[in-house]
> 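One structure coming up, written as structure tokens, with questions to follow.
It should be emphasised that the depicted structure is a prediction, and the values quoted were computed from it without experimental measurement. Worth knowing before you read on, the calculation uses all heavy atoms, side chains too, and leaves out hydrogens, waters and symmetry mates.
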Amino acid sequence: MPTLTLTEIKAQYPDQWVLIGDPELRKPEVGMPLTDNLLRAVVLFASKDKRELGYQAASVRGESQTITYFYTGEMPQNRRWLL
């Protein structure tokens, strides 16, 4: 799987939840938003349904040491996300 930059991920997977593997971060600091810090990563899975990421995470993890996820669109102000 190719390694993509944050801009490429957002362009290829608009308004989707994206599961990424082995993210390369600018400054790996606790508390900093992932999208402000992400340089590049491998996209393992993408879906409009956040729950789908949880169902697929174990099977698509592959050789990735670290996995995480984020939403590529704008988060609604008054919306609660439950997983």
> Once you round to the nearest 0.5 Å, how far does CZ of Phe45 lie from CD of Glu52?
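That separation rounds to 4.5 Å.
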
> Show, in sequence, the C-alpha distance, side-chain angles and deciding distance for Tyr71 and Lys50, and conclude whether the side chain to side chain contact (heavy atoms under 4.5 Å, CB included) test is met.
CA-CA 9 Å; Tyr71 186 66; Lys50 184 179 180 183; over 6 Å; no

> Mind running side chain to side chain contact (heavy atoms under 4.5 Å, CB included) on Thr68 and Ile20 for me, showing each step along the way?
CA-CA 6 Å; Thr68 191; Ile20 58 173; 3.6 Å; yes

> Quick one, Leu19 with Phe70, criterion side chain to side chain contact (heavy atoms under 4.5 Å, CB included). Give me CA distance, side-chain angles, the key distance, then yes/no.
CA-CA 7 Å; Leu19 183 70; Phe70 68 96; over 6 Å; no

> Could you grab the distance from atom OG1 of Thr72 to atom CD of Gln16, nearest 0.5 Å is fine?
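Rounded to the nearest 0.5 Å, the OG1-CD separation comes out at 6.0 Å.
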
> Please examine the side chains of Val42 and Ser64, heavy atoms only from C-beta on, and report whether any two atoms are closer than 4.5 Å.
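Ser64 vs Val42: side chains apart.
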
> Mind listing the closest non-hydrogen atom pair of Ala41 and Gly21 along with its distance?
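Closest approach of Ala41 to Gly21: CB-O, 3.8 Å.
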
> Table please: side-chain donor-acceptor pairs of residues 4-13 below 3.5 Å, with sequence neighbours left out.
unit_1: Thr5; atom_1: OG1; unit_2: Glu8; atom_2: N; d: 3.2
unit_1: Thr5; atom_1: OG1; unit_2: Glu8; atom_2: OE1; d: 3.4
unit_1: Glu8; atom_1: OE1; unit_2: Thr5; atom_2: N; d: 2.8

> Counting only N and O atoms by type, is there a donor-acceptor contact under 3.5 Å from the side chain of Asn37 to the main-chain atoms of Leu25?
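Judged by distance alone, no pair lies under 3.5 Å.
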
> Which residue pairs pass the salt bridge (Lys or Arg N to Asp or Glu O under 4.0 Å) test with at least one member in residues 13-25, sequence neighbours excluded?
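Counting only pairs at least two positions apart or across chains, the salt bridge (Lys or Arg N to Asp or Glu O under 4.0 Å) contacts touching residues 13-25 are Glu24-Arg40.
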
> Set out, in order, the CA-CA distance, both residues' side-chain angles and the distance that settles side chain to side chain contact (heavy atoms under 4.5 Å, CB included) for Tyr55 and Leu53, then state yes or no.
CA-CA 5 Å; Tyr55 300 141; Leu53 294 183; over 6 Å; no

> How many angstroms lie between OH in Tyr69 and OG in Ser47, if you round to the nearest 0.5 Å?
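Tyr69 OH to Ser47 OG: 13.0 Å, rounded to 0.5 Å.
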
> Please find the pair of heavy atoms, one from Arg61 and one from Gln65, that lie closest to each other, and give the distance.
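In terms of heavy atoms, the two residues are closest at NH2-O, 2.8 Å.
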
